[in-house]
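Below is one structure, written out as structure tokens, with a few remarks after it.
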Number of protein chains: 2
Amino acid sequence: MTGAATRRPRADALRNRERLLAEADAVFREQGTGASLEGVARRAGVAIGTLYGHFPTRTALIAALLDARNRELFAHGDALAEHPDPALALADWVRAVVRHAAAYQGLAAVLAARSDELQDSCHRLTAIGERLVDRARAAGALRGDTTGADVFTLMNAAAWARGHDTPAQADRLLDLALAGMIVG
Amino acid sequence: MTGAATRRPRADALRNRERLLAEADAVFREQGTGASLEGVARRAGVAIGTLYGHFPTRTALIAALLDARNRELFAHGDALAEHPDPALALADWVRAVVRHAAAYQGLAAVLAARSDELQDSCHRLTAIGERLVDRARAAGALRGDTTGADVFTLMNAAAWARGHDTPAQADRLLDLALAGMIVG
DNA sequence: CGGTTATGCTGAGGTTCCCTCGGGTTCGGT
DNA sequence: ACCGAACCCGAGGGAACCTCAGCATAACCG
């Protein structure tokens, strides 16, 4: 029943998938996540139907792009859980995620929408954040009743600001909010 | 040369303009600033060309909508300049602008783009903010080198968060950032 | 009040993008 | 070499954007 002895995926399918991911990454960096998918397909030398065959949804495409790059971010987050200074660790984490999420303009909005297709990435992300928040709180380094949700909102807002203001200005906002969150 | 003895504007033009503004306000509240302009025109009982005749650009339409409602906001801001507690005044101002800018989802992005069509509204807005910042700084209520630009960025980011998260969550973010900005 | 003229309205149409789907193609397996 | 599944193609129907040539009508004038 379950032993479906599935056939090896076709070589051209793999090629096209990689090509699409590469071009989508480039286009989204240039024009944001709202860019034309027909343009992506064109640049990848592939028909539009092929793109939809691999990625039924814009969000699915974005999710695939993120998956490919999340390993190191997660590794960094796990390492930070051992960091001697919980407050610094949390701040470092937030800044890392913001830099990551600002890769494509418009990504923050996609993440904030919390669609099913991004559940995996988001879940892991919030789990790490939650853990760092708990540790910081235990160390008495958190002001008031700051929660993991607050951290998530802050990361999204800062990532959004990075795409609509100068990065330097967005970083100032981030510093401000972190100063309000973390007891010096 | 300049004495062109211009003719009075047509009554139907004025009617259509008002109708368009009213429907645009309703539609933008429901669907955000990205809503279909053809839908707005339809709801206003007017052809699409009429809409473009009055408002050559989506941003121009938004600017007209804001103009109509900015009087009270500006009045509030001017009143706050006399408030006995400069820190409270600044916080109040930020919160008021954020509530205002969250009327339509997507408005924050439009404001952050700083197009010429919104120059008037934005200029006045930042001027009031700058004034309140200066007063707060003079009273020693501001942390570090916080600037008017920081306040502007914060307002935008918070307004964005309001449209993409729960308002309550966005307000928590705002409180956090204000706590980081204002010396208790 | 009718005529004149500027002002404003209309809606078809060119363009871009979205997404689907039937038919043709190509690859993996034998 | 050949079968069948897996995959690719691209036309095409929708929606929205924006323009523009021609028509309608409101303001002005005598």
> Quick one: do the B/Thr153 and A/Asp165 side chains pair a donor with an acceptor below 3.5 Å?
Replying inline: yes
> Between atom CD in A/Glu38 and atom C1' in D/dA16, what is the gap in whole Å?
Replying inline: 14 Å
> What is the distance from CG of A/Leu14 to C1' of D/dA6, rounded to the nearest Å?
Replying inline: 12 Å
>> Applying a 4.0 Å non-hydrogen cut-off, can you work out what B/Gly53 is touching in the nucleic acid: base, sugar-phosphate, or nothing?
In response: nothing
>> Starting the side chain at C-beta, find the nucleotide from D/dC8, C/dT10, D/dC28 nearest to A/Asp12.
In response: D/dC8
>> I'd like to know if A/Arg10 reaches the base of D/dA6 with its side chain such that a donor and an acceptor end up less than 3.5 angstrom apart.
In response: yes
> When you measure from the centre of the six-membered ring of A/Phe74, is the NZ or CZ of A/Arg124 under 6.0 Å away and within 45° of the axis?
Replying inline: yes
> For C/dC9, does OP1 or OP2 lie under 4.0 Å from any side-chain N or O of B/His54?
Replying inline: yes
>> Taking any heavy-atom pair under 4.0 Å as a contact, classify B/Thr50: base, sugar-phosphate, or nothing.
In response: base
> What heavy-atom pair brings B/Leu118 and B/Leu66 nearest, and what distance separates the two atoms?
Replying inline: CD2-CD1, 3.9 Å
> Could you give the CD-to-P distance, from A/Glu18 to D/dC7, as a whole number of Å?
Replying inline: 14 Å
> Is the closest basic N to carboxylate O distance between A/Asp145 and B/Arg172 below 4.0 Å?
Replying inline: yes
> Rounded to the Å, how far apart are B/Leu61 CG and D/dC17 P?
Replying inline: 11 Å
>> Just to be sure I understand the rule, does B/Ile48 reach a base, reach only the sugar-phosphate, or reach nothing, if contact means heavy atoms closer than 4.0 Å?
In response: base
> Does A/Ser36 place a side-chain N or O at less than 4.0 Å from the phosphate oxygens OP1/OP2 of C/dC18?
Replying inline: yes
>> From CZ of A/Arg19 over to C1' of D/dC7, roughly how many Å is that when rounded to an integer?
In response: 18 Å
>> Please compare A/Gly49 and A/Arg42 by the position of their nearest nucleotide in DNA chain C and report the one closer to 5'.
In response: A/Arg42
> Which whole-number value in Å describes the distance from B/Arg15 CZ to D/dT25 P?
Replying inline: 11 Å
> Given D/dC8, is OP1 or OP2 found less than 4.0 Å from the side-chain N or O atoms of A/Asn16?
Replying inline: yes
>> Heavy atoms from C-beta onward define the side chain here; which of C/dC19, C/dG8, D/dC7 lies closest to that of A/Tyr52?
In response: C/dC19
> Nearest-Å distance, CZ (B/Arg7) to P (C/dT4)?
Replying inline: 14 Å
> Between B/Gly39 and B/Ala11, which is nearer to the 5' end of DNA chain D once each is assigned its nearest nucleotide?
Replying inline: B/Gly39
> Between atom CG in A/Leu51 and atom P in C/dC21, what is the gap in whole Å?
Replying inline: 17 Å
>> Base, sugar-phosphate or nothing for B/Arg58? Non-hydrogen atoms, less than 4.0 Å.
In response: sugar-phosphate
>> So does A/Ala44 get a backbone contact from the side chain of A/Arg19, meaning a donor-acceptor N/O pair under 3.5 Å?
In response: yes
